[in-house]
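Worksheet for the structure shown next.
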Amino acid sequence: MNILVLNCGSSSLKYQLIDSHSEKVLAKGLCERIGIEGSLLTHQKAGEEKTKRQVAMPDHTTAVRLVIDTLTAPETGVIGSLKEIDAVGHRVVHGGEAFASSVLLTEEVLKTVEACNDLAPLHNPANLIGVRACMESMPGVPMVGVFDTAFHQTMPEKAYLYGVPYEYYQKYKVRRYGFHGTSHDYVSRRAAEILGKDVSELKIIVCHLGNGASVSAVKYGKSVDTSMGLTPLEGLIMGTRSGDIDPSILQFLAEKEQLSLGELMEILNKKSGVLGLSDNFSSDFRDLALASAEGNERARVALEAYAYRVGKYIGAYAAAMNGVDVIALTAGAGENNAEVRSLLGQYIEYLGTNIDPEKNKIRGEEVILSGEGSRVVTMVVPTNEELVIARETARIVESR
Ligand code: AMP
């Protein structure tokens, strides 16, 4: 089956066309600045160079049509016509408590997803615009929604409830949901596969360390805790997000700086994290590692604080599962950044991770970092969220 995987943001659309049988990516690309002056399409056929083209994309429907045209055109295409797209898999950020697994998107299902929009106002409406644009341009092609929150729906109440009046959960479903679920799912399974074990025998801590970052405790194949909460703001210090803070900071800063709640949320989401900690130097871990090596003190402390927080969450999740067999690192910094990994190494040594500094230099590959005699296997497992979406879409469409 040829599955078109779409990840639609408010002004962008990422796509991959995947053959679900061979699991090969046939083509992939990105539409940027949708609805803004200077829209740009980047497209890449498997095994060929990327091409970039400025094309007007006033809305998402135009962007979806452009993607289909590009995938079917003689020069850039990999399929003969739209008929060769068997299904579309959409990344949907928030499924609330309504979706514990992927689902065929019908009008009724879309209404339920829309009801989750106020839980993820920055992401869900954009995801749904993508779904509607596809339905319009590809009538009759089955669409599947794969939710970032679904994998974490197995968390027990003690992990997902906040210590606030229970009525807020009853009235508004204020609770922890967790995100990056497709990544935590894929990486935990793949880690077990690499080790020749069944995921149902292992206690795995997955650290998804990208620009957005989260840690999860995956006990015998099920998520039992994760660091993100009602929204992706909770937990680790991230590229630009603060992660855990004392909520009283909001009132304190509102008074001192005369800021509104909206302005403060913008600061916590976009101007905090390692960007804020490095005194606005950069949110990018590569820049920070370079600057730190050249003596930039703020960059050094930002990286240390980042790694320290990840280390503390690992300790907490080892406690949550009463043990840990595997620590799997993934996403941009987890896969590629040796500096971040070695800083983190100091806080997990006591578990018996025995990280080999030579192996730690490897980038972007599946690699077991732990040397001989380690008690907890620490490894890098590059994530592949698009593949999970393609697999889920094929599974749902085939089981109809
Ligand atoms: P993501 O959100 O998963 O794309 O991760 C983005 C983060 O990964 C950025 O802060 C990058 O600096 C970091 N990253 C990506 N590639 C590399 C690399 N080759 N070396 C070091 N850091 C990297």
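Side chains are part of it too, since the values below use all heavy atoms of this structure and drop only hydrogens, waters and symmetry mates. The first residue of the sequence shown is numbered 1, and numbering continues consecutively from there. All ligand and atom numbering here is 1-based and tracks the order in the structure.
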Between ligand 1 and the protein, find all N/O pairs closer than 3.5 Å and give the distance for each.
residue	atom	partner	partner atom	Å
ligand 1	2 (O)	Asn211	N	2.8
ligand 1	3 (O)	Gly332	N	2.9
ligand 1	8 (O)	Ala333	N	3.1
ligand 1	10 (O)	Phe285	N	2.9
ligand 1	12 (O)	Asp284	OD1	2.5
ligand 1	12 (O)	Asp284	OD2	3.3
ligand 1	12 (O)	Phe285	N	3.2
ligand 1	12 (O)	Arg286	N	3.1
ligand 1	16 (N)	Asn336	ND2	3.3
ligand 1	22 (N)	Asn337	ND2	3.4

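- Of the charged side-chain nitrogens involved, none lies within less than 4.0 Å of a carboxylate oxygen, so that Arg175 and Glu157 do not count as a salt-bridged pair.
- When each of Asp148, Thr182, Asn127 is checked for a side-chain hydrogen bond (donor to acceptor under 3.5 Å, both in side chains) with Arg91, only Asp148 meets the rule.
- Under the 6.0 Å distance and 45° angle rule, Arg176 does not count as a cation-pi partner of Tyr160.
- We find that Arg395 and Glu398 are not joined by a salt bridge, their nearest charged nitrogen and carboxylate oxygen being 4.0 Å or further apart.
- Ring centroid separation for the pair His152 and Phe179 does not come in under the 6.0 Å cut-off.
- By the 6.0 Å and 45° rule, Lys173 stacks over the aromatic ring of Tyr169.
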